[in-house]
Structures are given as C-alpha cells and as structure tokens.
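Single-structure report; data block below.
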Amino acid sequence: MEKIGVVIRSPSIYYYIFRPFRGIEIDVGTFVAVEVDGARVLSKVTAVRHRNTATDPRLIAHFDDVETVDTVKETLGIEDALYYTEAKAVVLGARRGGRIYRPQKPVKPLSYVYKASKSELEEFFAPRSDGVYITVGTVKGTDIPVRIDAERLVTHHCAILASTGAGKSWLAGVIVERLSLLDIPIIIVDPHGEYSAMSIPATDKGKQVSEKVRIYVVGKVDVKHVDEAFAQRYGHPRVYTRVGINPRSLPPRTLEKILADLYGLTDAQRRILEEGWQQATSYGERQPLTSVEELVKEVLDGGRHVAPPGYAGEMALRGLEGRLKSLFYNSPIFITMYGETYQGEPLKLIDPQAYATSPNIHVFDLSGLDSLDQQIFLAVLLDQLYRLATRRRIATTFTVVEEAHIFAPSSAQSVSRSYLARIAREGRKFGLGLCLITQRPAKLDQDVASQAMTQIFKRMINPNDLKYVANVAEQLEDPRLLKTLNEDDAVVVGVSVPAPLLITVGERWTNHGGITPRLRKEVT
Ligand SMILES: Nc1ncnc2c1ncn2[C@@H]1O[C@H](COP(=O)(O)OP(=O)(O)OP(=O)(O)O)[C@@H](O)[C@H]1O
C-alpha cells in the first residue's frame, strides 16, 4: 500500500490534517486511508492548502514583477522551502460486514496516510446484500457506481435542492427511471409540464421505462401549444388522459379555507357550510359525481337548519350558494357534471388508488393551471392517497413534487401544505414516500423539509439558500462546495448512502424535457 502522507494533527474523531509527502499531488475529493486500531479507515480529502511557515506573506507582496518572482523562485530555489501543503481529510469509516463502522477515537498523529485502492473503495461503497439499490451515477472522479438504498430513499423521503438550471429535474428523472424498473408506483406532480418527455425513450433501456409512463393533463385548460412543441421535438403526438376532481372530494377545512381566502365567509356561512358539506359528502368512499347545481342544493338543504332565522339566514344561504358555484365553475380542475368534456376530450375523475397500485410512472401535467388550482389539486390527491394508505389499500408509492416551495411554503399560505406535511411526517409508516424538489430551499416549509432523510444537493448560489443549507444539513462538510458544482455533479447525504458522497449523475434513459434554450446568434 502506497504511503502518501503523515497525519499532523487530529482535532476530533471526524477529521484529521495530514501532510502529503513530497511529489504527491492531492486534490479535494481524493479518497485516502489511515489505520485506527489495526482497521483501515477510509477518509475523503475536503480541503487542501499551502502553508507558509518560513516567511511573512507580506514579503511576497513586495515581489511586484516577473523578474523578481523568477529570481526568487529559480535563482534562490526556495519555493519548496517556503511552503508546505496540508490536507484535511474527513473520516468516512470502515466497512465491517454489511455496516459502516466509524472509529470513536481520533487518528493518531504520525500515522501514515495511504492512497485508497480501487478495490477498497468498491468494497466500501458496495451495497448490503439484503437491500434493494438503484445506481444513480458514479463517485466523482472514479468509475465506482453510486448505489442508493431504494427502500430508504423512497419511504424515508428525499429532497433535491439546487438553484434553477442546476440539473434537478434531470436527476429526478434518473431516480424515477431506476425506481420504475423496481415496479414501484410513481406519481410526478409536474407544474411545468416537463416530465411528459419521459414517454419518449432515449436509450434501449429507456424503452422499458417509457412504456410505463402515463400522462394526465389536469383540468379544462388549453394545452395545444405544449402538444405542438412536443410533437415537433419528438415527432410523436403527446398521448394523455384529461382528468379533474369531483368537488365532493374536497376536505371540508380546505374548502372553507379556499372560500374564505377567495371571497370571504361570514360566521353564518361557515356554520351552514360545515353542516351542509358533511351532509353532502356522507356517501362513504366513492362520492357520487353530480352536477354542481345538485351538489350546492344538497349543501344548502343540509345546512339550512343552522342558518339564522329570517332574512339574514336567506342572505347567508344565497351568499354561500354564489361562492360555491363561483369556485366550482371558475376553477378548471373541477368536473361540474357527469360526462363533462373539454375541447371534445372526456374528463375522467382522478383515481389515486389505481395510480398507487399500478407499477407505472403517473405524470400530472399542471402547467395550464394557476398556482391556487395546482395547490387544490395536490391537496385532494395527497388527502386521498393518505386515506388509502392508512387503510393499506395501496403499494409503496413514490410521489415526486416539483417546486415544493410553492406547495409547502415556509411563510406564505398554501392549501396543500398540511397535506404534504402529514405525508412527510407519517407517510413512512404507510409506504408513502415523497421526493421534494425545490430551487429555493430556504422558502420550503421546515417541518416538511426536515423529514427528508436523504438530501441531494446540486449547484446552489443564492446566499440565503446556502446559509439555510449550512444550518440544516449537518452532514454537508462545507456548503461552499455547492457553488462550484457542475450540472452533472451532486452531493448526496443521508440514510440511503453509506457516507456523504460527491457524485457524477448518470445518463438519462428517457428524454429530458427541461432543456435550457440557447441563444441562437451572436450579436455583431
Ligand atoms: N447530469 C447531467 N448531464 C448532462 N446534462 C445535464 C445533466 N443535468 C442537467 N443537465 C442539463 O442542464 C440543463 C438544466 O437541467 P434541469 O432542467 O434538470 O435543471 P433544473 O434544476 O431542473 O432547472 P429548473 O429549476 O429550471 O427546473 C438542461 O439543459 C439539462 O439538459
């Protein structure tokens, strides 16, 4: 084993500082090994610096032309004597059977530092024999595959956090493709309509994945421009089902909140709504789909007995009637009568149980909806999924939520936040996993974000987001690293990897819809 340096000091059990021997080049990211109690412990270099012990650096500031610098370097030949290099290595641990063992004592000063061999690295990153893994890329700078524990990734939730254009949806696509071959039902909440491209394979392997893609356009919205762009780019028409939601599937608190936010509600109207909605939705599991007129009549009839007497009561009832009709007729996500169509296309009711029991990739294109309708849709979908999951009526399901900070913002209001938070908190027990994707980590609700036990970071530039990440991601050695990442780099930390890893993200097997447009011409 090649000895490449010696430990100078080790201030804690987590890292040590070593001096690479003369002629040894060490880069950040290099894997090295040391011995602790006879076991070889793997470590990763996270910083390299040149230290000057012989002179005051201010002396060098006086070397103000090429001639002087060359004279000092070549004639005096003191360059090597002036500086030495030292590196910081973070202890990753040693593999013992299926587990990673981390020594509970610091590395001894004067211990030798060895170059980590390929086989040593492969052994360290090898998956446990009893787990289910997906390969999402390679350890950066090596060809060692990065295998992520799929069960932990899915059920303990994950988050992909990075600036815009840093490659979040590319990576989400890689994860979804690999998971789909394990026959896990996957639901993608796609506010930008990017993921329809997964229905077009990019490689042979991609054919198996794209056959599993089911696209749903949500609501009565015109998506001709999206379809045209799709057909032009891939030479195939986009095939989708148009879906909507039954107004009766709205949870009462959510309905009340929407009406209050949009139009305001008096106390009397709230009381009538609470009673009336309970009556109108007392059909059990499958709520009937009726016309809005019938539904509103049922609500008013069911709540009339709590209305104030006389004219005030009549006013409250009429006001509530108007508000309910406005909401259900104006929002494009509701189906307002049985057999409704839009531009000749039938509208189907969403069927969360079918999505969460079939091993497909269900892509919900929400791009035609405004932000409130997107949130209402997600609230209803997640509410139904949660109810089904608690009754063990679904398979383990992975739900990818793009732009998660819109659906669960840290400060602003959102009707979907409590539904995301509930699944983030309790979904693991029922096999409901989330993948939260956001370009503004600092704007994502903390309760929701903190439940993501695997965190994947990509390039991040915004100082607020970096500060936030430094506070929440204990395992991330130095958030400044995130500023320097390329599009295909990612840092993975958390329960589904043996140690924090800098990875090169793998190839896509299906098409990526989020290509950043290039400027066509130079201006002369
Ligand atoms: N691993 C990769 N290998 C090659 N190209 C990549 C990779 N990751 C991303 N890209 C390219 O980088 C660009 C941006 O990627 P992507 O659409 O995934 O970013 P994003 O972070 O999701 O952006 P947005 O915030 O706008 O949704 C795309 O053109 C994509 O093709």
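Atoms within each ligand, like the ligands themselves, are counted from 1 in listed order.
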Quiz item: Quick one: do the Ser371 and Gln375 side chains pair a donor with an acceptor below 3.5 Å?
Solution: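 Yes, because at least one side-chain N or O of Ser371 sits under 3.5 Å from a partner of the opposite role on Gln375.
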Self-check item: Min heavy-atom dist Ala172 to ligand 1 below 4.0 Å
Solution: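 Heavy atoms of Ala172 never come under 4.0 Å of ligand 1.
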Practice problem: Verify side chain to side chain contact (heavy atoms under 4.5 Å, CB included) between Ile175 and Val400, making sure each step is shown before the conclusion. | Solution: CA-CA 10 Å; Ile175 292 174; Val400 179; over 6 Å; no
Polar atom proximity, [X] to ligand 1 (N or O, under 3.5 Å):
X: Gly165; answer: yes
X: Trp170; answer: yes
X: Thr164; answer: yes
X: Glu402; answer: no
X: Gly167; answer: yes

Quiz item: Heavy-atom contacts under 4.0 Å between Ala162 and ligand 1: side chain, backbone, both, or neither?
Solution: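 The answer is neither.
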Quiz prompt | Proximity of His512 to ligand 1 by residue part, where a heavy atom lies under 4.0 Å | solution =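 Under 4.0 Å from ligand 1, His512 contributes side-chain atoms alone.
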Self-check item: Which of the ligand 1 atoms, numbered from 1, are nearer than 4.0 Å to a heavy atom of Ser163
Solution: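 Contacts of ligand 1 toward Ser163, numbered from 1: 21 (O).
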Quiz item: Taking atom CZ of Arg428 as the centre, does the number of heavy atoms from other residues, nucleotides or ligands within less than 6.0 Å exceed 12?
Solution: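 At most 12 heavy atoms, drawn from other residues, nucleotides or ligands, come within 6.0 Å of this atom.
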Self-check item: Residue pair Pro441 / Met460, side-chain heavy-atom distance below 4.5 Å
Solution: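 In short, these two side chains touch, coming nearer than 4.5 Å.
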Exercise. With the side chain counted from C-beta on, respond yes when Asp465 and Ser163 share a heavy-atom pair under 4.5 Å apart, and no when they do not.
Key: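 The answer is no, as the side chains (C-beta and beyond) never meet within the 4.5 Å cut-off.
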Quiz item: According to the interplanar angle, ranging from 0 to 90°, do the rings of Phe364 and Phe377 count as parallel (below 30°), tilted (30 to 60°) or perpendicular (above 60°)?
Solution: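 Judged by the thresholds at 30° and 60°, the geometry between Phe364 and Phe377 is tilted.
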Quiz item: Quick one: are the ring centres of Tyr355 and Tyr216 less than 6.0 Å apart?
Solution: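 Centroid distance Tyr355-Tyr216: below 6.0 Å, so yes.
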